[in-house]
**Student:** 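Please read through the structure below; I'll follow up with questions.
Both backbone and side-chain heavy atoms feed into the values below; hydrogens, waters and symmetry mates do not.
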Amino acid sequence: MHDLTYGSPYLALLKDRVNLYKVPFSERGSRLMLFRTNAHLSIRLAERWFKLDNQLSSYRTRPPIVDAWVLTDAAGAALPFTTTTYPHCIEITNASGVYRLVFVDQETLLLTLPAGCHGLRFHTALADSVQRDRRGGLLQVTGAIRRTIAYTTDAHFVEHDVRRVDDGCEVALQFECPEEARLLINITPRLGFNRYLPAAATVIETAAQRWHAWFAAAPPVAARFRSQYYFAWLAMRIGLISSRFYTTREAMTPSKIHYVGVWQWDAFFHALAYRHVEPRLAQDQLRIMLDHQRADGMIPDAIHDEGVVTHLSFPVEADVTKPPLLAWAAWKLYETHGDREFLDEIYAPVVRWNRWWFEHNDTDGDGLPEYQHPFSSGLDDSPLWDDGMPVTSPDLITYLVLQEEALSKMAGVIGLHADAALWARRADQLAQRLIERLWDDAVGLFWAHHRGARIDVVTPFNLFPLLTGRMPAAITRRLLARLTDPAQFWPAYPVPTVSRADPKYDPLTMWRGPSWVNINFLLKEGLQRIGEEAIAAELRRRTLEMMLAGDDLYEYYHPETREVPPKAAPLYGWSSALFIEMAIEESAALNAAPPRSSDL
């Protein structure tokens, strides 16, 4: 058997990291995800199908479109099998021989069939139209959702049985293969479908080449990070979904399994990683948000194939967006590639976005915008919202300071020097207003407020004004003391999203205690900005250690043990993106460090 790694060290390194249970076999842009459940395979779709059942997250529990897929012997009995996976290909071995599974394109899988007599069967849900022919068949889902499942083979059929059942169709195939044959499975919403059987060896080698090129484009990192680092790049590739309807550009999902769509602030962190391999792809993570900017300047919370999320009726009725970090992310892309045209392209939309926050979200007229909906913060169930909405929160004002600062830099690059001076002045004024309105000198903390009353919960977001780099030395010292206190925010794997000393600390429940990688990354950047390099480096190292422990990259972690809480999503986008960022940075720091005496 040919070496399926084709000499690629990256493909060899990631052997069996696609475990098929939590990590599916998928491909860039594809909506198909292949899983294994004990003795069979299945194919799930990264599609919401909201109009089918009017449920936002039903895709998480919806039956696979192809299920109970088993390989059988000559008598039609299911055979046990083993798998060996690579990013580009799966080898399946049973008593009949070796099968190989590979993506031909985003909607098509090719399975090689070993010589001999054997077969397969599968179930397809919702199919209500069947058409057989001498090369295979077409199974069609009609009604509210239209999909075609086309299967095609050059093997000789000994049996070709398709029968309707209550919830779809059962397909049973038996083959006689004098030599290796091929089976193509195409699942598509299009009128046209793929039934062309390509040369299997060419398809597998081409897949290996494109995956190798993806990994090879990434900056190198220190040896201890490589396995998880290239797994993160795998996640960043298979998390991409193709453009379709409202999904106007190729974009990264937070989790292709758990969060199908494009969420605003996730997209900003995803862009940071993509800038290392494909600048245009990085920029498109921001452009897709601006494609759907409202006339009043607001940018949606999320974008799905079927539409955008700009207003929700739960847990409160309000417009919903995400934190204003677009200009911050755009400036980072510019720092990497110096693309002035991109800044010129997005400058005016970002100005409108910034204006929206001040014109539509300052209900008490104090000059500090508020969150009107909990989800607009990105911290969906944080105890900061337990007292109700709206909330004036230190993190939001911090983001707006950073946004106006970035707008100043952008304006300077594109030659709008009066604008540059205006934005710099506004950023300074907003930071000063933040201190005047939200700083509590008696306790040494910035408080969030709801209708003029402080919200008595201590979170790292109460420390976020550190990120502005504009805090007086006395305030900075007190915030740093809280951040680095093991009893509050500095356990083994910081930074918990509620202080460990707070009664509402719960390290297993989303934003009520676990450590989140994006929050650590933002704090690390703030620490570096104010010259606290040692604390920043320690936070970076502990965050990397937290993420090195498992065989996946998760949504959030237990801050004391680094275990994965039960509801944390796997294969998580911004955790992958920011692991990449911090591994590159830590590797550079290690290379720059003077040699230890033991190394001489």
**Student:** With sequence neighbours left out, what residues match His373 under ring pair (Phe, Tyr, Trp, His ring centres under 6.0 Å)?
**Tutor:**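 Checked His373 against ring pair (Phe, Tyr, Trp, His ring centres under 6.0 Å); matches are Phe375.
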**Student:** Please examine the side chains of Leu438 and Leu368, heavy atoms only from C-beta on, and report whether any two atoms are closer than 4.5 Å.
**Tutor:** yes
**Student:** In Å and rounded to the nearest 0.5 Å, what is the CG to OG1 distance from Asp305 to Thr247?
**Tutor:** 4.0 Å
**Student:** Tell me every residue that passes salt bridge (charged side-chain N to carboxylate O under 4.0 Å, His left out) with Glu47, counting only those two or more places apart in sequence or in another chain.
**Tutor:**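 Once residues adjacent in sequence are excluded, the partners of Glu47 under the salt bridge (charged side-chain N to carboxylate O under 4.0 Å, His left out) criterion are Arg147, Arg244.
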**Student:** Excluding sequence neighbours, so at least two apart, what forms ring pair (Phe, Tyr, Trp, His ring centres under 6.0 Å) with Phe268?
**Tutor:**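 So Phe268 forms no ring pair (Phe, Tyr, Trp, His ring centres under 6.0 Å) with any residue.
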**Student:** Is the closest side-chain donor-acceptor distance between Thr398 and Asp395 under 3.5 Å?
**Tutor:** no
**Student:** Assign the ring pair Phe461 / Phe464 to parallel, tilted or perpendicular, where the plane angle (0 to 90°) is split at 30° and 60°.
**Tutor:** tilted
**Student:** Using the salt bridge (charged side-chain N to carboxylate O under 4.0 Å, His left out) criterion, which residues pair with Asp380? Sequence neighbours excluded.
**Tutor:**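 Not a single residue meets the salt bridge (charged side-chain N to carboxylate O under 4.0 Å, His left out) criterion with Asp380.
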**Student:** I'd like to know whether the aromatic ring centres of Tyr230 and Tyr10 sit less than 6.0 Å apart in this structure.
**Tutor:** yes
**Student:** Give me each pair satisfying side-chain hydrogen bond (donor to acceptor under 3.5 Å, both in side chains) with a member in residues 212-221, each pair once, sequence neighbours excluded.
**Tutor:**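 Pairs touching residues 212-221 that pass the test: Ser8-His212.
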**Student:** Kindly write out the residues that satisfy salt bridge (charged side-chain N to carboxylate O under 4.0 Å, His left out) with Glu585, not counting sequence neighbours, or none if the list is empty.
**Tutor:**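 Testing Glu585 for salt bridge (charged side-chain N to carboxylate O under 4.0 Å, His left out), a comparison that skips the adjacent residues, returns Lys524, Arg540.
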**Student:** Give me the ring orientation class for Tyr86 and His88: parallel if the planes are under 30° apart, tilted from 30 to 60°, perpendicular past 60°.
**Tutor:**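 Tilted: the ring planes of Tyr86 and His88 meet at 30° to 60°.
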**Student:** Ignoring hydrogens, what is the shortest heavy-atom contact between Leu272 and Glu581? Give both atom names and the distance.
**Tutor:**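 Scanning both residues completely, I find the closest heavy atoms to be O-OE2, 3.1 Å.
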**Student:** Would you kindly say whether Tyr259 and Glu555 are connected by a side-chain donor-acceptor distance under 3.5 Å?
**Tutor:**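 Side chains of Tyr259 and Glu555: pair found under 3.5 Å.
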**Student:** Would you tell me whether Thr248 and Asp291 have side-chain atoms, one donor and one acceptor, within less than 3.5 Å of each other?
**Tutor:**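 The criterion, which ignores hydrogens and geometry beyond distance, is satisfied for Asp291 and Thr248.
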**Student:** Would Arg529 and Glu525 pass as an ion pair if we require N to O under 4.0 Å?
**Tutor:**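 No, no charged N to carboxylate O under 4.0 Å.
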**Student:** Quick one: are the ring centres of Phe215 and Trp233 less than 6.0 Å apart?
**Tutor:** no
**Student:** Where do Ser499 and Asp502 land on the side chain to side chain donor-acceptor pair (under 3.5 Å) test, with the steps shown first?
**Tutor:** CA-CA 5 Å; Ser499 168; Asp502 194 284; 6.0 Å; no
**Student:** Determine, step by step, whether Lys256 and Ser26 satisfy the side chain to side chain donor-acceptor pair (under 3.5 Å) criterion, reporting the C-alpha distance in whole Å, the side-chain angles of both residues, the deciding distance to 0.1 Å, and the verdict.
**Tutor:** CA-CA 10 Å; Lys256 208 169 185 175; Ser26 193; 2.9 Å; yes
**Student:** Cut-off 3.5 Å, side chains only: do Ser243 and Arg249 have a donor facing an acceptor?
**Tutor:**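 Ser243 vs Arg249: no donor-acceptor pair found between side chains.
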**Student:** Identify each donor-acceptor pair in which a side-chain atom of residues 560-569 lies under 3.5 Å from a protein atom, sequence neighbours left out, and give them as a table.
**Tutor:**
from, atom 1, to, atom 2, distance (Å)
Glu560, OE2, Tyr505, OH, 2.5
Thr561, OG1, Glu563, N, 3.2
Thr561, OG1, Glu563, OE2, 3.1
Arg562, NH1, Glu545, O, 2.7

**Student:** Among residues at least two apart in sequence or on other chains, which ones pass side-chain contact (heavy atoms from CB on, under 4.5 Å) with Ala12?
**Tutor:**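 Once residues adjacent in sequence are excluded, the partners of Ala12 under the side-chain contact (heavy atoms from CB on, under 4.5 Å) criterion are Thr5.
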**Student:** Would you please name every residue forming a salt bridge (charged side-chain N to carboxylate O under 4.0 Å, His left out) with Asp485, sequence neighbours left out?
**Tutor:**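 Counting only residues at least two positions away or on another chain, Asp485 forms no salt bridge (charged side-chain N to carboxylate O under 4.0 Å, His left out).
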**Student:** Under the side chain to side chain donor-acceptor pair (under 3.5 Å) criterion, do Arg482 and Gln488 qualify, and how do the steps go?
**Tutor:** CA-CA 7 Å; Arg482 281 188 178 270; Gln488 297 186 65; 2.9 Å; yes
**Student:** For Cys89 versus Arg100, what's the shortest heavy-atom pair and its separation?
**Tutor:**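 Residues Cys89 and Arg100, closest heavy atoms: SG-CB, 4.1 Å.
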**Student:** Got a sec, which residues hit ring pair (Phe, Tyr, Trp, His ring centres under 6.0 Å) with Tyr6, two or more places apart in sequence or on another chain?
**Tutor:** His2
**Student:** Extract all donor-acceptor atom pairs below 3.5 Å that involve side chains of residues 489-498 and protein atoms in other chains or at least two apart in sequence.
**Tutor:**
from, atom 1, to, atom 2, distance (Å)
Thr497, OG1, Trp511, O, 3.4
Thr497, OG1, Gly513, N, 3.1
Thr497, OG1, Pro514, O, 2.8

**Student:** Below 6.0 angstrom between ring centroids: does that apply to His270 and Trp265?
**Tutor:** no
**Student:** Output all residues satisfying ring pair (Phe, Tyr, Trp, His ring centres under 6.0 Å) with Phe25, sequence neighbours left out; order by chain, then residue number.
**Tutor:**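 With neighbours one apart ignored, the set is Phe103.
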**Student:** Please name the pair of heavy atoms, one in Ser377 and one in Pro374, separated by the smallest distance, quoted to 0.1 Å.
**Tutor:** OG-O, 2.5 Å
**Student:** Between Asp284 and Arg280, is the closest basic N to carboxylate O distance under 4.0 Å?
**Tutor:**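 Result for this pair is yes, salt bridge flagged.
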**Student:** Would you call Asp456 and Arg454 a salt bridge, taking side-chain N to carboxylate O under 4.0 Å as the test?
**Tutor:** yes
**Student:** Are a donor atom and an acceptor atom from the side chains of Glu27 and Trp211 found within less than 3.5 Å of each other?
**Tutor:**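 Indeed, the side chains of Glu27 and Trp211 share at least one donor-acceptor pair under 3.5 Å.
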